[in-house]
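Some notes on the structure that comes next.
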Amino acid sequence: MTVAVAPAPSPRRTLTVCGGIHALHDGFTDLLNVLYPLLQAQFGLTYAAIGALKSVYSGAMAVGQIPSGKLAVRFGGVGVLALGTTLVAVGYGLAGLGGSLYAVVVGLLLAGLGGSTQHPIGSSLVSAAHSGLRSRTALGTYNFSGDVGKVALPALFAVLAASLGWRQALIVVAALAVAGAGVILATLKPVPLHDKGNQARAAAAGQDRPWAYWLLFAIHIADDLVRTGFLIFLPFLLRDKGADVPTIGLGLSLTFAGGAAGKLVMGWVGEKLGVVPSVILTETATTLLILALLPLSLPVALAVLPAVGLMLNGTSSVLYGTIPEFVSPEKRTHAFAVFYTGGSVAGATGPLLSGLLGDAVGLPIALSAVACIALTTVPMVWALRPAFRST
């Protein structure tokens, strides 16, 4: 009996489109940091109310990632990703057209749910289009594209809001989301994310290694705790060194620029050196560089920050690119969804825990403790060596 085989997706096209959609979605998220002060001025909101608005969006995104993965497996990742991008357009369009605080709340809820489709499905589509070790480099490039959107879209939104007003700017953003959904449907072919043939082949090859996946997940959580904790303390560390507000902004920009480069570079390094040496390199260097910042003068600290950002963010591309090696194809969308959800939870709780620690022991000791968390990943990644020997 002849079995029809779906045509393999074009690796370059898949990476280009998914990378572009990643840039859009990450930009849609980060432009909210420009929107919140405008909403505060419009509606007289307290900081607690602004925090609640942010929680509506981030909470919807975190809650929606695992269901999005399940829907993608059942109905197809391309269609669900396009639907999610359209839902972002509906959310921002509703907020802009409605103009009331109630419309903004409902709009952010819908936009967060729509945004929850992007990370698990985009990662899975890129992984499906790139076989073997190539997927690690491809996923590193995919992760880097999100940082491009984080820079470009908030700047665009700020210009639009200044010239047109925040409501009209949100309508323009909604139109961009509609265009993005159209590009997805026009350029990406449906890719089966649940394939019984793949499942049988993966089982025969022993590709499913749950213990290795969960160990990778634990490394991911520790890495996220370090990153969020460091970013909470960095502005205050620079202030204590004598930095004014523009200089603090420069320090953050240098760190983010290094982080974007780290996502791109370390995906390639992970492919060349292997996962274990790469993670040991990035996490050990992260600890040493953060500790080195404490006694440095302000000019030297600013010069070191790009290297800190590179190592701080570099691990993520290595980790995301390794998921396909431990999870069979039909389970990868769900695996990516769980992975990203764990990162969202760590990103939400990490700043709170770090802040409490800083209040209790002071900034230098708290930042040193955050830096040393990175070292806990070294024995964990060392324990992953048998999983790579069996691939």
Side-chain angles (χ1 to χ4, degrees), residues 9-35 57-58 61 64-65 68 77-78 80-89 91-92 111-127 129-130 135 137-161 169-170 172-188 252-253 255-268 309-310 313-314 316-317 320-321 336 340 343-344 347:
S10 165
R12 179 175 297 179
R13 178 187 301 169
T14 301
L15 180 57
T16 300
V17 175
C18 289
I21 297 302
H22 190 188
L24 277 181
H25 277 260
D26 276 17
F28 293 154
T29 297
D30 278 34
L31 67 81
L32 293 176
N33 293 319
V34 180
L35 177 64
Y57 181 89
S58 58
M61 179 176 286
Q65 287 183 119
S68 294
V78 172
V80 176
L81 181 58
L83 179 62
T85 307
T86 303
L87 192 57
V88 173
Y92 282 135
L113 288 173
S116 70
T117 62
Q118 191 277 133
H119 281 121
I121 297 175
S123 298
S124 186
L125 291 173
V126 171
S127 174
H130 295 80
S135 67
T137 301
L139 286 167
T141 305
Y142 165 80
N143 280 331
F144 168 76
S145 67
D147 289 270
V148 176
K150 290 177 181 180
V151 173
L153 261 70
L156 173 63
F157 182 78
V159 171
L160 291 173
L170 283 178
V172 173
V173 168
L176 285 176
V178 170
V183 169
I184 293 170
L185 293 175
T187 59
L188 293 181
L252 290 169
S253 297
T255 305
F256 293 147
K263 287 184 177 181
L264 184 64
V265 170
M266 290 310 300
W268 177 83
L310 191 149
N313 266 18
S316 63
S317 288
Y320 294 136
F336 277 117
Y340 279 109
S344 298

Could you tell me which non-hydrogen atom of Ser145 sits nearest to which non-hydrogen atom of Ala23, and how far apart they are? O-CB, 3.3 Å
On a heavy-atom basis, the closest approach of Tyr340 and Ser123 is OH-OG, 2.9 Å
Distance-only check: which donor-acceptor pairs under 3.5 Å involve side-chain atoms of residues 114-122, not counting sequence neighbours?
{"residue": "Ser116", "atom": "OG", "partner": "Gly64", "partner atom": "O", "Å": "3.4"}
{"residue": "Ser116", "atom": "OG", "partner": "Ser68", "partner atom": "OG", "Å": "3.2"}
{"residue": "Ser116", "atom": "OG", "partner": "Leu113", "partner atom": "O", "Å": "2.5"}
{"residue": "Thr117", "atom": "OG1", "partner": "Gly114", "partner atom": "O", "Å": "2.8"}
{"residue": "Gln118", "atom": "OE1", "partner": "Tyr142", "partner atom": "OH", "Å": "2.4"}
{"residue": "His119", "atom": "NE2", "partner": "His22", "partner atom": "NE2", "Å": "3.2"}

For Val183, side chain to side chain contact (heavy atoms under 4.5 Å, CB included) partners two or more places apart: Val17, Thr187
Grab the two heavy atoms, one from Ala129 and one from Ser10, that are nearest each other, plus how far apart they are. CB-O, 4.4 Å
So which atom in Phe336 and which in Ser127 form the shortest heavy-atom distance, rounded to 0.1 Å? CE1-CB, 4.2 Å
Whether Tyr92 side chain and Ala177 backbone form a donor-acceptor pair below 3.5 Å: no
Under the side-chain hydrogen bond (donor to acceptor under 3.5 Å, both in side chains) test, which residues partner Asn143, sequence neighbours left out? none
For residues Cys18 and Val126, report the shortest heavy-atom separation together with the two atoms involved. CB-CG2, 3.7 Å
Checking Leu252 now: which residues fulfil side chain to side chain contact (heavy atoms under 4.5 Å, CB included) with it, not counting sequence neighbours? Leu234, Pro235, Ile248, Phe256
From Leu185 atom CG to Thr86 atom OG1, the distance as rounded to the nearest 0.5 Å: 7.0 Å
Here's a test for you: under side chain to side chain contact (heavy atoms under 4.5 Å, CB included), which of Leu81, Ile21, Leu15 qualifies with Leu125? Leu81
List for me each residue that meets side chain to side chain contact (heavy atoms under 4.5 Å, CB included) alongside Val265, sequence neighbours excluded, and say none if there are none. Val269
Separation between CG of Leu24 and OG1 of Thr29, rounded to the nearest 0.5 Å: 11.0 Å
What's the separation between atom CD1 in Ile184 and atom CG in Leu83, rounded to the nearest 0.5 Å? 10.0 Å
Taking only residues two or more places apart in sequence or in another chain, which ones pass side chain to side chain contact (heavy atoms under 4.5 Å, CB included) with Leu156? Leu160, Leu176
With rounding to the nearest 0.5 angstrom, report the CG to CE distance, Asn313 to Met266. 11.5 Å
Between CG on residue Asp26 and CG on residue Asp147, distance to nearest 0.5 Å: 7.0 Å
Using every non-hydrogen atom in the two residues, find where Leu31 and Pro154 come nearest and quote the distance to one decimal. N-CG, 3.8 Å
Could you tell me whether the side chain of Thr16 and the main chain of Arg12 form a donor-acceptor pair under 3.5 Å? yes
